[in-house]
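Encoded as structure tokens, the structure appears first; notes follow it.
Owing to the predicted nature of the structure, the values given are computational and were not obtained by experimental measurement. Because only heavy atoms are used, hydrogens play no part in the values below, and waters and symmetry mates are left out as well, while side chains stay in. For this chain, numbers begin at 1 and follow the sequence in order.
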Amino acid sequence: MGIDVGALDEVILIQSPMSISAALQRIGRAGHRVGEVSKGLFFPTHGRDLLEAAAIGRCVLDREIESGHTIQSPLDVLAQVIAAMTGVEIWDIDALYHFLQTSYPYHELSRVEYDLVLKMLSGHYAGSRNRALQPLVSIDRIDNTIRAKEKTLRLVYQSGGTIPDRGYFILRRRDTGTKVGELDEEFVWEHKPGDVFTFGAQNWKIHQITHNDVIAALSDGTTEGAPFWIAEEINRDFHLAEKISLFLETADSNLQDSGFEKTLIHDYCMEETAARSLILFLRKQKKASGTGLPHRHNLLVEYTQFPGGDKNCSQVILHTLWGGKVNYPFALALSALWENTNRSELKILPHNDAIAIIPPYDFPVKEFLLSLRAEDIESLLRQKLERSGFFGARFRENAARALLLPRDSFDRRTPLWLNRMRSKKTSGHNYSI
């Protein structure tokens, strides 16, 4: 819906968008004639989708939207800006700092951060010289000036920009080496040889993970879910997650009320069939769990057999409904807590609506959750984050934006496996597979 398709009478959305802003943007493509109103129609495809459509539809009617946040002092982009500015003229270091502060994203840029970026660009990192970092600028402390190296401006033209290069591993058959498809790098970060996953309607068992490939063979074993692609996935903002949770809290106490269906029709603009389907879906959920619907005051913990039929393999699902922007870091904190107390890894799979825990054995989940204190979450998150594939992927993207991982040429991309190795060497963190 981002293309210019002319005048539209109405936008029809198959399944609910992942955010309120996306819904408003797509509906806003209709009704561009003078005096017309933008119109949109949601077509949910399953019960869970009906719930999201109701929450998003109400937010659209109320003109609510997720709050926007301007990134303050993005240092990776600052490195690129300084390289470009010093590539065309010599700057006084103090004058350059004050000039950068006139730009809103850098109006709160501290002198310490600024000096650290200059040190990095001059080939120094963390107080020492790093051979993996080639100096891009020359600093004259006597004249208090900074100028770019001869090659720097070419690197800006060649490697500049802020769009990250998403990495994909190639899935290959173990017997023939044939390429089967591509896997998102963060999916690969979270797996190891011996794991089984579903790809292309078949189960695959990982035998080896190299710098660029995942070698696997067909398997009949228990799967651990399908691979994912971050480019197609959006971590739900807590604003929308809270709206969904508030709706569930209201629905939990009104499902047996005969007037609740009319409320959905009039207040949420749902058709009669959709309203009845949503009520039926929520009633089935309550019947299946034997308790109330999950919402902000009710954390539903579900014990279930793991997909695949293995009776000895179970999973615990926390129906948090907090959105990916909360669930993912919370899952990292839970994983760190488990490792600290049990000296073993705990498989945790977070998503927008829930966090799935695959325990190595039966464990008291209630006691485990209650042992997590709010004041410990930040330290636990930092402990796990710096060793995660998420950190590795984001560090590589930031290093590329800061021109520390430049391309080889204008028409040829640097192999991703090589950038991964260079990124690991530059960061000094052991986050590789």
Side-chain angles (χ1 to χ4, degrees), residues 16 44-56 58 225 236 238-264 267-268 270 274-331 333-335 337-338 346-374 377:
S16 306
T45 58
H46 51 82
R48 186 64 181 78
D49 197 15
L50 279 166
L51 172 61
E52 294 184 12
I56 294 176
R58 187 63 255 175
R236 182 185 297 130
F238 181 72
H239 178 82
L240 175 56
E242 186 178 35
K243 295 298 180 182
I244 295 175
S245 183
L246 287 170
F247 176 86
L248 283 172
E249 189 173 9
T250 300
D252 192 31
S253 56
N254 290 281
L255 278 180
Q256 304 305 323
D257 188 349
S258 58
F260 186 58
E261 181 180 328
K262 294 181 179 179
T263 300
L264 293 177
D267 294 352
Y268 293 85
M270 301 186 73
R276 290 179 179 175
S277 298
L278 177 56
I279 292 175
L280 179 61
F281 170 74
L282 296 178
R283 286 177 177 172
K284 285 183 177 180
Q285 167 64 31
K286 293 191 67 172
K287 182 179 180 180
S289 63
T291 185
L293 297 173
H295 52 75
R296 59 177 183 165
H297 293 137
N298 182 37
L299 174 59
L300 176 62
V301 180
E302 178 184 355
Y303 294 82
T304 181
Q305 184 177 326
F306 201 82
D310 187 352
K311 295 182 180 180
N312 296 321
C313 188
S314 62
Q315 62 179 338
V316 178
I317 301 176
L318 310 179
H319 292 269
T320 52
L321 297 171
W322 299 333
K325 290 188 177 181
V326 176
N327 283 345
Y328 276 84
F330 184 67
L334 288 176
S335 179
L337 177 64
W338 175 269
L346 181 65
K347 191 72 173 179
I348 300 182
L349 305 174
H351 201 259
N352 279 316
D353 302 316
I355 297 175
I357 302 176
I358 306 173
Y361 50 81
D362 292 336
F363 75 108
V365 63
K366 182 177 180 180
E367 288 77 2
F368 173 63
L369 293 176
L370 291 177
S371 67
L372 178 64
R373 301 184 303 172
I377 289 182

Are Phe281 and Leu50 close enough, and set up right, to give a side-chain contact (heavy atoms from CB on, under 4.5 Å), and what steps lead you there? CA-CA 9 Å; Phe281 170 74; Leu50 279 166; 5.5 Å; no

Point-to-point distance, once rounded to the nearest 0.5 Å, from [atom1] of [X] to [atom2] of [Y]:
| X | Y | atom1 | atom2 | value |
| --- | --- | --- | --- | --- |
| His319 | Leu248 | NE2 | CG | 11.5 Å |
| Arg283 | Leu278 | CZ | CG | 10.5 Å |
| Leu334 | Phe368 | CG | CZ | 5.0 Å |
| Trp322 | Asp353 | CH2 | CG | 12.5 Å |
| His295 | Leu321 | NE2 | CG | 10.0 Å |
| Asn298 | Leu293 | CG | CG | 8.0 Å |

What's the shortest heavy-atom distance between Pro44 and Asp49, and which atoms?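 Closest heavy-atom pair between Pro44 and Asp49: CA-OD2, 3.1 Å.
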
What closest approach, in Å, do His351 and Asn327 show between heavy atoms, and which atom pair accounts for it?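 Heavy atoms of His351 and Asn327 come nearest at O-ND2, 2.6 Å.
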
Just wondering, do Val326 and Thr320 contact through their side chains at under 4.5 Å, heavy atoms?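 SC-SC contact between Thr320 and Val326 ruled out.
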
Under a 4.5 Å cut-off applied to non-hydrogen side-chain atoms, are Arg236 and Ile244 in contact?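 Yes - at least one pair of side-chain heavy atoms lies under 4.5 Å apart.
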
Take Lys325 and Phe238 through the test side-chain contact (heavy atoms from CB on, under 4.5 Å) and record every step on the way to the result. CA-CA 7 Å; Lys325 290 188 177 181; Phe238 181 72; 6.0 Å; no

Should Leu372 and Trp338 be marked as a side-chain contact (heavy atoms from CB on, under 4.5 Å) after you check the CA-CA gap, both sets of side-chain angles, and the distance that decides it? CA-CA 10 Å; Leu372 178 64; Trp338 175 269; over 6 Å; no

Keeping to residues at least two apart or across chains, list the side chain to side chain donor-acceptor pair (under 3.5 Å) pairs with something in residues 246-257.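 Only Glu249-Arg296, Glu249-His297, Asp252-Lys286 qualify under side chain to side chain donor-acceptor pair (under 3.5 Å).
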
Kindly indicate, with the supporting measurements, whether the criterion side-chain contact (heavy atoms from CB on, under 4.5 Å) is fulfilled by Arg58 and Leu246. CA-CA 12 Å; Arg58 187 63 255 175; Leu246 287 170; over 6 Å; no

